[in-house]
Amino acid sequence: MTTDAVAPSVKAITCPSCGGTLELRASGFSTLIVCLYCGSELDLTNPQVKLVAEHAQAGAELVLPIGSRGHLKGADWTVIGYLERMDGWSRWGEFLLFNPYEGYRWLIHQAAGWSFGVPFLIQPGSPRGLTQKIGNEHFKKCFRETINTVDYVLGEFYWQVRKGEQAEVNGYVSGNRMLSCEIVGDGYEWTMEEWVSSSEVAAAFGIEDTGQYPETGTHPLPHQPNPSSGLAGFMFTVGAAALIFALVFAVVFGSASPRSEASLLAGDTAQSRQVVIEPFTITGSSQPFTIDTRGEPGDNSWLDVEYVLTNMDTGESRVANQPIEYYYGRDWKEDDRRGTIKLSSVPPGRYSLEAEVVRPEDERGTSASFGSKAKPVEIVAGPGGIFWSNLVLLFFVLFAPAFWVLAKSMSFEAVRRDDYDYGNDDED
Amino acid sequence: MKRRLFLVYAATSLVAFGAAAMTGYSPFGDGKQERDAYSRGGGPSHK
């Protein structure tokens with residue numbers, strides 16, 4: 001075994017096992033390096049770099065190769081170490097980053113995405129508690145304790161990590177931050193993990209985007225931000241503001257012009273059942289035309305008022321009819337003695353409105369109608385009016401996407417919580 | 001990006017609504033525009 005310099009100032013060493021040249025990137029800080037070529041563990045605490053364990057493991061093809069440099073979270077980092085851990089359910093990689101001014105950080109790569117871990121020197125609370133509090137931030141336990149095992153090691157580390165090393169891990173989550181605690185013997189190591197997007201990691205280190213949930217995992221990370229929650233709130237806010245604006249707009253533009261009134265007795269003579277109201281003038285753009293009808297059809301009877309709106313200049317006409325009905329029984333009543341018709345987009349011009357009332361007895365024949373009781377009908381008509389259906393349609397147009405995003409957001413949370421075994425309603 | 005897209009979508013919907021309100025247009029008509037659209041004396045719906 002040879003060294004180019006005495007630790008801790010050593011910059012490059014030769015692996016005593018395979019002869020490979022290893023570059024020390026955190027010289028003076030690291031206590032262990034695992035050979036990139038043969039996997040042998042070398043102790044750096046001794047001036048004479050010593051072979052700790054000889055392995056013949058092949059160097060992994062890492063997503064972030066040892067020695068990669070990148071700018072992430074406001075600082076430049078060099079990847080100096082990599083280890084893989086596994087528990088009973090999954091396997092993940094942890095990259096040790098180093099900056100001489102900032103110290104060590106972790107970049108944790110799980111199937112569902114990446115986290116940026118900052119070693120937390122203050123012990124927030126009991127390492128096996130159900131919650132942790134840091135300042136005003138409450139962290140809630142989301143997983144039961146798991147035992148994970150180091151299964152692969154490569155590069156430099158600040159402690160004597162060994163393949164097979166086991167730690168008990170507890171995880172606590174608050175928003176997009178996760179506090180994890182590794183317990184080895186009597187020692188605790190707290191790490192504050194912040195979710196970081198795979199694209200951000202890719203951009204920082206110039207690697208290919210490895211993807212994240214939902215592309216790469218079945219569950220999001222406990223601290224992965226819900227991509228839809230903020231968007232849903234924004235959409236509901238914008239939708240509500242737009243709807244209020246539309247309501248005011250509709251009321252202002254839909255306010256009716258002065259309207260004309262007419263009354264009919266609707267008796268036996270044809271004259272008493274017919275009326276022509278004119279003229280109505282529509283200027284500018286097209287407008288709705290509103291006809292309010294109120295009548296007294298009598299008990300358990302009906303009237304039908306038939307309307308013809310005719311353009312007095314062109315002769316074009318629009319027809320409509322309004323049933324007026326009143327039925328009742330011992331314990332029920334159907335009162336439709338009022339009705340409103342709104343004709344849409346009536347072009348500018350002068351109009352006349354003809355109204356004719358049809359009674360049940362009129363349908364049965366002229367002779368049957370003699371002597372029947374008059375059934376008064378009142379008509380109020382004129383240009384203008386509000387189409388509330390447009391407002392309802394606007395509501396659906398604005399809020400349908402918002403509800404869809406909300407559903408996506410809730411689905412994200414449901415899948416996330418499905419992976420929790422603490423704080424989950426389905427917990428057994 | 002999605003927020004901006006929704007803002008454009010909402011603005012377009014509002015413009016369409018405003019145009020409909022100013023011209024008195026409704027896709028549903030809100031009225032019974034056909035003669036005999038109702039059968040006269042259809043009777044109560046109460047069973």
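In what follows, every chain begins at residue 1, and chains take the letters A, B, ... in the order their sequences are listed.
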ask   = Is it true that atom CE of A:M410 has more than 12 heavy atoms of other residues, nucleotides or ligands lying nearer than 6.0 Å?
value = no

query = Is it the case that more than 12 heavy atoms not belonging to A:E316 sit under 6.0 Å from its CD atom?
reply = no

inquiry  = For B:M22 versus A:S285, what's the shortest heavy-atom pair and its separation?
reply    = O-OG, 3.1 Å

message = For a quick test of reading the model, state the closest non-hydrogen atom pair linking A:S389 to B:S26 and the distance between them.
response = OG-OG, 3.2 Å

A:L231, part contacting chain B, at a heavy-atom distance under 4.5 Å = both

request  = Take A:L393 and B:F17, measure what side-chain contact (heavy atoms from CB on, under 4.5 Å) needs, and give me the verdict at the end.
outcome  = CA-CA 9 Å; A:L393 183 63; B:F17 176 85; over 6 Å; no

inquiry  = Please give me the minimum heavy-atom distance between A:F249 and B:G18, naming the atom from each residue.
reply    = CE2-CA, 3.4 Å

inquiry  = Taking side chain as everything from C-beta outward and backbone as N, CA, C, O, which of these in B:Y25 sits under 4.5 Å from a heavy atom of chain A? Side chain, backbone, both or neither.
reply    = both

ask   = Counting only heavy atoms not in A:R338, do more than 12 fall under 6.0 Å of its CZ?
value = no

query = Are B:P27 and A:N390 side-chain neighbours, meaning at least one heavy-atom pair lies under 4.5 Å?
reply = yes

ask   = Do B:L14 and A:L398 touch side chain to side chain, with heavy atoms closer than 4.5 Å?
value = no

Part of A:F289 within contact of chain B (heavy atom distance under 4.5 Å) = neither

